[in-house]
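The structure appears below as structure tokens.
Just so we're on the same page: letters track the sequence lines, and every chain starts at 1.
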Amino acid sequence: MNETHEAPEAQDTDQAATYDVGAVETKWQRVWEDLQPFRADDDSPREKRYALTMFPYPSGDLHMGHAEVFALHDVVARYWWQRGYEVLNPMGFDSFGLPAENAAIRNDEHPDTYTRANIAKSIESCKKYAASFDWSRTFNTSDPTYYRWTQWLFLEFFKRGLAYRKNSPVNWCPVDQTVLANEQVVGGVCDRCGAEVTKKELTQWYFKITDYAQELLDGLDELEKTWPARVVTAQRNWIGRSEGAHVDFTIEGRDEPVTVYTTRPDTLFGATFMVVAADAALAGDLVTDEQREALEDYLLEVRKETEINRLSTDRPKTGVFLGVHATNPLTGTHIPVYAADYVLADYGTGAIMAVPGQDQRDWEFAQVFDLPVIRTVQPPADFDGDAFTGDGPAINSANDEIDLSGMGVAKAKSTTIAYLERQGLGRRTVNFRLRDWLLSRQRYWGAPIPIIHCSSCGEVPVPEDQLPVTLPMLRGADLKPKGTSPLGGAEEWVNVDCPTCGGPATRDTDTMDTFVDSSWYMFRYCSPHDDTQAFDSAKVDEWMPSNLYVGGVEHAVLHLLYGRFFTKVLNDMGLVHFREPWSAQLNQGFVINQGKKMSKSLGNGVDLGDQLGAFGVDAVRLTLVFAGPPEDDIDWANMSPDGSLRFLQRAWRLSGDVTSTPGADVSAGDPALRRTTARTVHDAGGLVEAYRFNVMVARVMELVNATRKAIDSGCGPADPAVREAVEAVAILLSLVAPYVAEEMWEKLGHEPTVARVGWPVVDEALLVEDSVTAVVQIQGKVRARLEVSPDITEADLEAAALGDEAVVRALDGKPVRKVIVKAPKLVNIVVEA
RNA sequence: GCCGGGUUGGCGGAAUGGCAGACGCGAUGGUCUCAAACACCAUUGUCCGAGAGGGCGUGUGGGUUCGAAUCCCACACCCGGCACCA
């Protein structure tokens, strides 16, 4: 039974014949290796398309998640090839990162050993999985030929003032022993290892992504049309634009005013105290000598709090009086200045005007410290809360020069800002939640930061002709995290001559966040082997922006924001000629099992290799594509890969039944089957373009069913319409199930590869039905169906409907009030109720 | 709290103003077989009915419309993002 492909005559009559999945996979993998059907040609005259999928971290072999994303992505890439585009569909590896480093410590080896082994395994699995990647363009970010250019880009950013060092409290992961970017702290814990993140004062490198905050936000308006809503929303929330004002407060005994940021300048009359972030330098500047000790005690308390506790909003308010007073610029009142941890040092100016009447947090603080509350917005009569944050008429808001009384919040805001600007006391301001991107990491397996620190010259860039700064050879225990970078231990590597003055100097010992590596990899694929530049701008112009980016939604505010930022900088540098790298995006869901995320601790993991062994590559791919809309999660427990395999066997069996010869004239073939084929091919294209792959598969299943019926009880296997239908099935299936499609194509008497034969040509005339079913409704309920000509007139259709026996019976003599006719599909008869 | 997405048979899902449940899974009955597997055929939202046929039905309640799963309003629940961000 398993050798059917070697005895075709025997099975042609056997309805239960099956093909040997394993043998077919081995056979075609070899053929494709020879043919290389998916090499992207830079010089092709065809229109170009760039299908990109997020490159994986090589943590081991491929798993179910990769299987899903590659299957979905491949439908589009293969579809584009069939439609005649030149398709760039590259794959590489994001190979710097912690797991390799941890494995190296465990196994007393170099991280590269682990990395290379996993990459080799993954490539082999991708090939078996029949993903249509162009392997001639592959690269790894941990290769010096790649990270040389990562370093070059860092230096370009540095030269433009977009990479800088500052001392600041940073997120510290006590387990991974490294700092983390804001984006990598989720709910107060490290998004990699789950440890509670603490704060640490360190001098670190940052990218000035905040310079691009407004543009990163504005760009989303256009991307919204082609990107998933959840990603656009997540980025908008993350950038967090707010509009308000800076207001200057004079401080007793100090020349410099303190500027606060507020979104509610209309409430300035109600500002009864001021709060400065306890950990901001400003707090230390303002505090009086009498209060200095109290502030320092308070700071110690604050630093003990974990990030998780600090984020909790129901925590009682704490703070300490700084011993100084500020002057409310509108009321002239002297208001006390406090330090508290509910004000953040790195948002706004690190200082706020507190308006307890209109802000719940300020209200709570005022209760604890017994501070006065002045309402400046009249709450509704039935209001029984604390602070009133809603809209309403201004009260208690007038002095000799300005009177807001009765104004709504919006009017009161603009009036106050105008006044402050006239008086030089403040100005309209836009503020962002987005912080600069902290890129230093105190770990080994990353791209070294190409800076040399010289006591007389400062931060000196490594000269371009000395790039790459390669990693010193460290292994095993040398890599153990000890709170400072392992690179610091390689003394010969660290100590160098200053490139500027020649004096003794040291290399920067931190490495870059691996998200730097992945922020520009999409450009590198356009000229992956160019050793003279990061990428060839002319080739990038040919291929980019990428037409589709498929990947996980977990990167909504990390990689996807960083990559957009890099593109904008590269555009400002004149290296690329667009400002968004990814025109369209598709996020696949997760593959889960029994309602839960797969995990080792739950023991509910599904091994991809086991599934491929049991059902074959095609059936697993088909199952993942057919499961539902691509962005939905797939619960593998609800799936039936054996059902998918049954369908593929059924489809394959058709190819053995066809008896007409290749190239037979189809024009005289069975018209009904020809119409079904034409309609299916026509609709399938639109469905793929709308990412509705599951429905596309359903339509192919219907075509297979119709063809089976035609062979067994219709026009018979010799009708050329049957050949036309089965050839269409093979081509459509080549997007999802490449092995069986190839096998069918061969059985139909053609040369490989079906993957590049082109989309089936549809005779437009066949898309016009010769009769349609018109539905007759009475009061919106279906009472009869009529077979009518598609070009029937409305009058004829109405007459036919009203004359129909079933309709007459259902009307039961009731008077007809109105008849709605939508020829040729529908008639709705409205009768007296 | 603010922002976004969702809720359709036993299950995954189709239908985006016009036949609710395409396609598939599962289930039940049958054909083939010594038997099973495979394959094939039939049935499969629910209620009433022998049947023909009919009633009800897309989270809940209202509305718009000749006609609503689809559009509008309110509510409930689920998922995701942001959150002591002033």
Are there any protein N/O atoms within less than 3.5 Å of an N/O atom in nucleotides 3-7 of chain B, and if so, which ones and at what distance?
from: rG4(B); atom 1: O2'; to: Thr233(A); atom 2: OG1; distance (Å): 3.4

Is there any protein nitrogen or oxygen under 3.5 Å from a nitrogen or oxygen in nucleotides 17-19 of chain B, and what are the pairs?
from: rG18(B); atom 1: N2; to: Gln777(A); atom 2: OE1; distance (Å): 3.2
from: rG18(B); atom 1: N2; to: Asn828(A); atom 2: ND2; distance (Å): 3.3
from: rC19(B); atom 1: O2; to: Arg785(A); atom 2: NE; distance (Å): 2.7
from: rC19(B); atom 1: O2; to: Arg785(A); atom 2: NH2; distance (Å): 2.7

Could you list all N or O pairs between the protein and nucleotides 43-49 of chain B that sit under 3.5 Å apart?
none

Are any protein N/O atoms closer than 3.5 Å to N/O atoms in nucleotides 10-14 of chain B? If there are, list each pair with its distance.
from: rG12(B); atom 1: O2'; to: Ala627(A); atom 2: O; distance (Å): 2.5
from: rG13(B); atom 1: O3'; to: Asn694(A); atom 2: ND2; distance (Å): 3.4
from: rA14(B); atom 1: OP1; to: Asn694(A); atom 2: ND2; distance (Å): 3.1
from: rA14(B); atom 1: O3'; to: Arg692(A); atom 2: NH2; distance (Å): 3.3

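When heavy atoms are screened at a 4.0 angstrom cut-off, Asp346(A) is found touching no nucleic acid atom at all. Across all strands, Ala234(A) comes closer than 4.0 Å only to sugar-phosphate atoms, never to a base (heavy-atom distances). Backbone-only contact: Arg650(A) has heavy atoms under 4.0 Å from sugar-phosphate atoms and none from a base. Across all strands shown, Arg783(A) has heavy atoms under 4.0 Å from sugar-phosphate atoms exclusively, and none from any base. Looking at heavy-atom distances under 4.0 Å, Ser644(A) makes no contact with the nucleic acid at all.
Between Thr262(A) and Met701(A), the residue anchored nearer the 5' end of RNA chain B, judged by the nucleotide with its closest heavy atom, is Met701(A).
By the side chain to side chain donor-acceptor pair (under 3.5 Å) test, Trp238(A) is found to be paired with Glu183(A), residues two or more places apart in sequence or in another chain being considered. Remark: Arg564(A) pairs with Gln235(A), Glu580(A) by the side chain to side chain donor-acceptor pair (under 3.5 Å) rule, at least two apart or across chains. A search for side chain to side chain donor-acceptor pair (under 3.5 Å) contacts involving Thr259(A) returns Asp248(A), not counting sequence neighbours. Applying the ring pair (Phe, Tyr, Trp, His ring centres under 6.0 Å) rule to Tyr338(A) yields the partners Phe321(A), Phe365(A), Phe369(A); only residues at least two apart in sequence or on another chain are considered. Not counting sequence neighbours, Thr349(A) has no partner by the side chain to side chain donor-acceptor pair (under 3.5 Å) test.
Regarding the sugar-base torsion, rG54(B) falls in the anti class, its angle being beyond 90° of 0.
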Hey, can you pull the donor-acceptor pairs under 3.5 Å for the side chains in residues 804-815 of chain A, sequence neighbours left out?
from: Asp804(A); atom 1: OD2; to: Ala806(A); atom 2: N; distance (Å): 3.1
from: Asp804(A); atom 1: OD2; to: Val807(A); atom 2: N; distance (Å): 3.3

RNA chain B in dot-bracket form (Watson-Crick or G-U pairs under 3.5 Å, [ ] crossing, | inter-strand) is (((((((..(((.....[....)))((((((.......))))))((((....))))..(((((..]....))))))))))))....

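Side chains of Leu425(A) and Val247(A) form no contact here, defined as non-hydrogen atoms less than 4.5 Å apart.
In this structure, the side chain of Asn328(A) engages the main chain of Leu268(A) through a donor-acceptor pair within 3.5 Å.
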Criterion salt bridge (charged side-chain N to carboxylate O under 4.0 Å, His left out) on Arg679(A) and Asp683(A), from CA distance to verdict | CA-CA 6 Å; Arg679(A) 174 57 59 190; Asp683(A) 292 354; 3.6 Å; yes

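Shown for residues 589-598 of chain A: no residue has heavy atoms falling under 4.0 angstrom of RNA chain B.
Put simply, CZ on Arg427(A) and OG1 on Thr429(A) are 6.5 Å apart, with the number rounded to the nearest 0.5 Å.
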